[in-house]
Amino acid sequence: MTLVSVYPLVTTRTLARAFTYEAPEGVGRGAVVSVRLGGRRVRGVVVASGVEAPAGIEIASIEKVVHELPAALVDLALWIAGYYGSTPGRALALVAPERPARRKLQPPPGARHGIGGELEPELLSDPQTAAVSAIVEELDARRGAHFLLSGATGSGKTEVYLQACAAALERGLGAIVLVPEIALAPQSVGRFRARFGDGVAILHSGLTDAERRDERERIASGEARIVVGARSAVFAPMHGVGLIVVDEEHDAAYKQESDPRYDARTVAAKRAALEGAVAVYGSATPRPESWHTLRRLELGGRLGGDLPTVRLVDLRHEAGYPLSAPLLAALGGVAEQGGKAILLLNRRGLSPAIHCRACGVTRRCGSCDVALVLHDTGLLTCHHCGYTELQPTTCPACGSADLARLGAGTQRLEKELAAKFPELELFRLDADAFDDAEELARALERFAATDRAVLLGTQMVAKGHHFSGVTLAAVVDADAGLAMPDFRAEERVFQLVTQLAGRSGRDGPGRVIVQTFDPEARPFVYARLHDVAGFNEGELERRRELGYPPYGHLVRILVAGPLAEPPLLLLRELRGRLQGCTVVGPAPLLRRRGRHRAQLIAKTDVPRQVAAQAAALLAAAAPAMRRDALTAVVDVDPQSL
C-alpha cells in the first residue's frame, strides 16, 4: 500500500485542498478514485503518490479506482485553478466529468451529427504547402509551437488542418480540433469523417450523457485519435496529443462564463506547451491579440476566385426596414435566377421591444434592466432570466391600445421574407429554432441541397459555414453591436460583417449587402475592403495607448446583490487594496435576475497575482458579504465587459 494525495471533486471552497488516503501500489497521478469524505462518497483525482502521512490523522483507504486520466490533464487542471482563481476540485472536474452507467451499446454519434465533406484536392496552393510544412516541422520537434493561420474565407484553412492531422496520425500522435459552437460542428465533423472515418470522435454539449461517455472512452482507449468539438473538447482524455487546432479563433464563445471561467484558446496553448504539441489558431478575422503575438502563416486570398463585392446600404435614405430596396432587389434575383442567400440579423424573436406611443413606456422585465422581447408565440420573454408574459392588448401603465413594436428580430424577418418571396425556402438558425444537434445538422443538410433557399438567423449563420451556390450574403442591421460599452465592440462588428461576407461567392460570383445607419464607421470601411491587416493594425495602435490586450491583461471583479449600493461599497474597498495593477471603476451594471451588479476592472501584467489578491480579499470579506447577500466573481481575461 502507498499514501496518495487526492483532491475531492467538490465545489465547496472550504474543501479546496488535498486529502491523504491509502491506496494499492500502482495507483498514481491521474487516477480518478472513489473516496469517503465527511461521511459521504465522492470522486477525487490523485495528484501525487508516495506522500507523507499527516501527523495525528487516521488515514482512510480509497474505495476503488474509477478510471485513469493522462497526467498532462492533471497538470492542466491545476494550472487552470491557479490562473483563473478557481479551486483545484472545480478545475479537475473539467477533465474528469461524471461517467453515467452504461445501458446499451450504440454507434458513434459522428455519422448522425455530421454532414458531408469535400474530396481531398490533388494539389495544395503554395501558401498551403508552406503552412503544412511549418506545422509538420514543429510536430517533429515536439517543443510546443503556436501558429496563427490567417487568410481570407475560402483560402483553404480547413485543408491545412486536415493535412496537419494526417501528419500527426502518421507520427502516432493525436489531434484535437476545436470549433466555437455546436452550430459549426456538423460541417466540421463531416469534413474530418470524410477523411478519417470512424477514427473521429465528437465532444460537445449537444450529445447525450451516454454518447459523451462512449466518445470519451473511444478517445481514452486510442480508438479515436482525432477529436472535433466545442470548447470542452480541449479536455479530451487523449494520450499523446500532437496537434490542437482552434478554428475561428476570434470567437468569444471559447470563453466559459461559469467557474472556472477559462478561455479554451488559452487552455489550448497551455496544453500544447505541456505536451510538446503544436497549437494552430485559424481565422479569416483573427483577434488583434493573436495578430500581434503569434507566428503567422499567411494563406492570402480566396482559392479559385475573388472575394465578393461589399455594398454599404445607408438606411438613413431607405424607407424599408428590415428589408431595404437594394436587399429586396438582390433577393428577387435569387428567386428568379436561383442560388442561395444568407441573412444575418443578430436579434431573436419578432420584435426587440413593445412601446406605448401614448405614455412612452417600454415593457421591461421586472427582474432585469432589459426590454421584454416579443416572440411569435405571443409571449414577451426576457432573454436573461427566462421570465415570460402574454403580449398585452393595452398598455399596463396607462391603458392605451396604441402599442408599437420596435425593431425586428429573426422571426419577423422570416415572416416578411415568406410574404414577399413565397418561392424561396427559408431556414432559420437561432437559439429558438432547434432542440438538438441532430436536428440542426439535418436542417443545414437540407439548406445545402436546396436551390432558391435562404438561411437566416443570428450570428450563428456567419460562423464558418461553407455552402456552395451562395450568391448573396446580407447583414440586415449591422449597427447592433457598435453601441456596446466594450472596447472590443468595433472588433466584433468588423469580424461579424467580414465573416458573413465570406459565406458568399465561394464557387461563383457573389455579392454582400450591409445595411447600416453609419456607413462611415471604421469597421464597415475596412470590411468593405476586406482589409483585415489594416483594421488590426489600427486596433492595436488604439489598444497600445489605452493599455488593453495584448499590451496588458484584464481582471474583472463582478459583485451582485439584492440592493444597489452594497456591491459598489465592497468594490470601493477592494480598489484601495489591490496592488500591481491600474484599476478602473467601480461602475454599476444592468440588473440581472433581480440582482444589482457592479464591476471593477484591473489592468495588469500579472493577472494571476491580481486574481489571487482579489480572491483573498473577497474571502476575508465573506462574513460581510453573507450579511448583505452578495456574490462575487473574479474573471481573468474577460471577453465581455
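The chain is numbered in sequence order, starting from 1.
Under the side-chain contact (heavy atoms from CB on, under 4.5 Å) test applied with Arg488, the options Arg287, Arg543, Gln495, Glu539 reduce to a single match, Arg543.
Applying the ring-ring contact (aromatic ring centres under 6.0 Å, His included) definition to pairs two or more places apart or across chains, none involves residues 121-159. Residue pairs meeting the ring-ring contact (aromatic ring centres under 6.0 Å, His included) criterion with at least one partner in residues 270-298, sequence neighbours excluded, are His292-Tyr551.
In terms of heavy-atom proximity, Ala134 sits nearest to Arg295 at CB-NH2, 3.9 Å. Taking each heavy atom of Ala31 and Val65 in turn, the nearest pair found is CB-CG1, 4.4 Å. For the pair Ala201 and Ala224, the tightest heavy-atom approach, listed with the atom from each and the gap, is CB-CB, 3.7 Å. Of all non-hydrogen atoms in Gly242 and Leu139, the two that sit nearest each other are O-CD2, 3.1 Å. Scanning all heavy atoms of the two residues, the minimum distance from Gly552 to Asp605 falls at CA-OD1, 3.9 Å. Smallest separation of non-hydrogen atoms from Ile80 and Ala91: CG2-CB, 4.2 Å.
Counting only heavy atoms from C-beta outward, the side chains of Val633 and Asp259 never approach each other to under 4.5 Å. Phe487 has its side chain within reach of Pro549: a pair of non-hydrogen atoms, C-beta onward, lies under 4.5 Å apart. Leu173 is listed as a side-chain neighbour of Arg142, based on a closest heavy-atom distance under 4.5 Å. Considering only heavy atoms from C-beta on, Val532 stays 4.5 Å or farther from Ser150 through its side chain. The closest side-chain heavy-atom distance from Tyr548 to Glu289 is not below 4.5 Å. Side chains of Pro286 and Asn536 form a contact here, defined as non-hydrogen atoms less than 4.5 Å apart. Proximity of Ser155 to Glu298: side-chain heavy atoms (C-beta onward) are nowhere separated by under 4.5 Å. Here the side chains of Leu299 and Leu149 are in contact, with some heavy-atom distance below 4.5 Å.
With rounding to the nearest 0.5 angstrom, the CG atom of Asp209 is 11.0 Å from the CG atom of Asp214. Atom CD of Glu537 and atom OH of Tyr526 lie 9.5 Å apart (nearest 0.5 Å). Considering CZ of Arg90 and OH of Tyr262, their distance stands at 15.0 Å, rounded to 0.5 Å. Here Ser232 contributes atom OG and Leu94 contributes atom CG; the two are 9.0 Å apart, rounded to the nearest 0.5 Å. Between the CG atom in Leu344 and the CZ atom in Arg503 there is a gap of 11.0 Å [rounded to 0.5 Å]. We find the CG-CD1 distance between Leu169 and Ile226 to be 4.5 Å, quoted to the nearest 0.5 Å.
Looking at Lys157, its side chain does come within 3.5 Å of a backbone N or O of Gly151 through a donor-acceptor pair. At distances below 3.5 Å, not a single donor-acceptor pair connects side-chain atoms of Gln128 with backbone N or O atoms of Glu159. A donor-acceptor pair under 3.5 Å links the side-chain atoms of Arg43 to the main chain of Ala96, judged by distance alone. Thr293 places no side-chain N or O within donor-acceptor distance of the main-chain N or O of Ser290, the cut-off being under 3.5 Å. A donor-acceptor distance shorter than 3.5 angstrom exists from the side chain of Arg171 to the backbone of Ala167, with no hydrogens or angles considered. For the pair Tyr254 (side chain) and Leu178 (backbone), a donor-acceptor distance under 3.5 Å is present. With Lys340 contributing its side chain and Ser504 its backbone, the two residues share no donor-acceptor pair below 3.5 Å. A side-chain donor-acceptor contact under 3.5 Å links Arg265 to the backbone of Glu249. In this structure, Tyr84 contributes its side chain and Asp263 its backbone to a donor-acceptor pair below 3.5 Å. With Arg271 contributing its side chain and Val234 its backbone, the two residues share a donor-acceptor pair below 3.5 Å.
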> Do Leu496 and Val475 pass the side chain to side chain contact (heavy atoms under 4.5 Å, CB included) test, and can you show the C-alpha distance, the side-chain angles, and the key distance before you say yes or no?
Replying inline: CA-CA 9 Å; Leu496 200 60; Val475 186; 6.0 Å; no

> Given the rule in the salt bridge (charged side-chain N to carboxylate O under 4.0 Å, His left out) test, do Asp198 and Arg193 qualify, once you have shown the distances and angles that lead to the verdict?
Replying inline: CA-CA 7 Å; Asp198 287 340; Arg193 279 181 57 84; 3.1 Å; yes

> How far apart are the C-alpha atoms of Phe467 and Leu455, what are their side-chain angles, what is the distance that settles it, and do they pass the side chain to side chain contact (heavy atoms under 4.5 Å, CB included) test?
Replying inline: CA-CA 11 Å; Phe467 296 108; Leu455 179 67; 4.2 Å; yes

> Is there a side chain to side chain contact (heavy atoms under 4.5 Å, CB included) between Val555 and Val634 once you walk through the steps?
Replying inline: CA-CA 7 Å; Val555 177; Val634 178; 3.9 Å; yes

>> Before you tell me yes or no, could you show the steps for Val33 and Val4 under side chain to side chain contact (heavy atoms under 4.5 Å, CB included), namely the whole-Å CA-CA distance, both residues' side-chain angles and the distance that decides it to 0.1 Å?
In response: CA-CA 11 Å; Val33 296; Val4 295; over 6 Å; no

> How far apart are the C-alpha atoms of Glu215 and Arg212, what are their side-chain angles, what is the distance that settles it, and do they pass the salt bridge (charged side-chain N to carboxylate O under 4.0 Å, His left out) test?
Replying inline: CA-CA 5 Å; Glu215 291 293 80; Arg212 200 155 33 243; over 6 Å; no

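With respect to Arg442 and Glu445, a salt bridge is recorded, a charged nitrogen being found less than 4.0 Å from a carboxylate O. Comment: Asp75 engages Arg29 in a salt bridge, judged by a side-chain N to carboxylate O separation of less than 4.0 angstrom.
There is no side-chain donor-acceptor pair under 3.5 Å between Thr458 and Asp430. Arg302 and Thr153 share a donor-acceptor pair across their side chains, judged by distance under 3.5 Å alone. With no hydrogens or angles considered, no side-chain donor-acceptor pair links Glu25 and Thr2 at under 3.5 Å. A side-chain donor from one of Glu120 and Gln163 sits under 3.5 Å from a side-chain acceptor of the other.
More than 12 heavy atoms of other residues, nucleotides or ligands sit less than 6.0 Å from atom CG of Asp140.
A perpendicular orientation is assigned to the rings of Tyr83 and His553, their planes being inclined by more than 60° (bins at 30° and 60°).
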